[in-house]
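Only one structure is covered here, and it is reproduced in the block below.
Quick caveat: nothing in here was measured; it's all calculated off a predicted structure.
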Amino acid sequence: PSSYAEYLSARPIDHAWGLLGGFIWAIGTVSNLISGDSLGFALSYAIGQAAPMVATLWGLLYYKEFAGAGTRTLLLVLAMFTLYTGAILMVALSKK
């Protein structure tokens, strides 16, 4: 956990990156809500729910968060991707 003092001691550029990330996330959320009319709400919802998979891919491929992880851990991550993808596909293919 971090303290409020640590938050205040961060450089302004670090706060700017956080704000930029928040703005990008907000634009994505608004776009997701607007797209419900065109795509259908089930597909729009499914696309929005894929965000944790994108974040996990960033962690795996860019930040190397699982470097040195054991085989069991990597198999669990693979199972997570498989099940999550299946769930998103089922929601996307549902009619209502």
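Distance check: Tyr45 OH to Asn32 CG gives 10.0 Å after rounding to the nearest 0.5 Å. Rounding to the nearest 0.5 angstrom, the gap separating the CG atom in Leu33 from the OG1 atom in Thr29 is 7.0 Å. Between the CG atom of Leu61 and the OH atom of Tyr63 there is a distance of 12.0 Å, given to the nearest 0.5 Å. Rounded to the nearest 0.5 Å, atoms CD1 (Ile88) and CG (Leu93) are 11.5 Å apart. For the atom pair OH of Tyr7 and NE2 of His15, the computed distance is 5.0 Å after rounding to the nearest 0.5 Å. One finds the CG atom of Leu78 at 12.5 Å from the OG1 atom of Thr73 (value rounded to the nearest 0.5 Å).
Following chains of ILVMFWY side-chain contacts shorter than 4.5 Å, one cannot reach Tyr84 starting from Val54, and the two form parts of different hydrophobic clusters. Hydrophobic clustering (side-chain heavy atoms under 4.5 Å, transitive across Ile, Leu, Val, Met, Phe, Trp, Tyr) keeps Val30 apart from Ile24. Neither Phe41 nor Val91 shares a network with the other; the hydrophobic side chains, linked directly or stepwise wherever heavy atoms of I, L, V, M, F, W or Y lie under 4.5 Å apart, form separate groups for each. Note on Leu83 and Leu75: separate hydrophobic clusters, where clusters join Ile, Leu, Val, Met, Phe, Trp and Tyr whose side-chain heavy atoms are under 4.5 Å apart, directly or indirectly. Residues Trp58 and Phe66 do not share a hydrophobic cluster, defined by chaining ILVMFWY side chains whose heavy atoms lie under 4.5 Å apart.
Here the side chain of Thr85 pairs no donor or acceptor atom with the backbone of Thr82 at under 3.5 angstrom.
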Could you walk me through whether Met80 and Thr56 pass side chain to side chain contact (heavy atoms under 4.5 Å, CB included), step by step?
CA-CA 10 Å; Met80 181 274 304; Thr56 303; 3.7 Å; yes
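The minimum heavy-atom distance between Leu43 and Ala92, with the atom names listed, is CD1-CB, 3.7 Å.
Within a 6.0 Å sphere centred on CE of Met53, heavy atoms belonging to other residues, nucleotides or ligands number more than 12.
Residue pairs meeting the salt bridge (Lys or Arg N to Asp or Glu O under 4.0 Å) criterion with at least one member in residues 2-21, sequence neighbours excluded: Arg11-Asp14.
Residues passing the side-chain hydrogen bond (donor to acceptor under 3.5 Å, both in side chains) test with Ser35, sequence neighbours excluded: Ser44. Looking at residues two or more places apart in sequence or on another chain, you find no side-chain hydrogen bond (donor to acceptor under 3.5 Å, both in side chains) involving Arg72.
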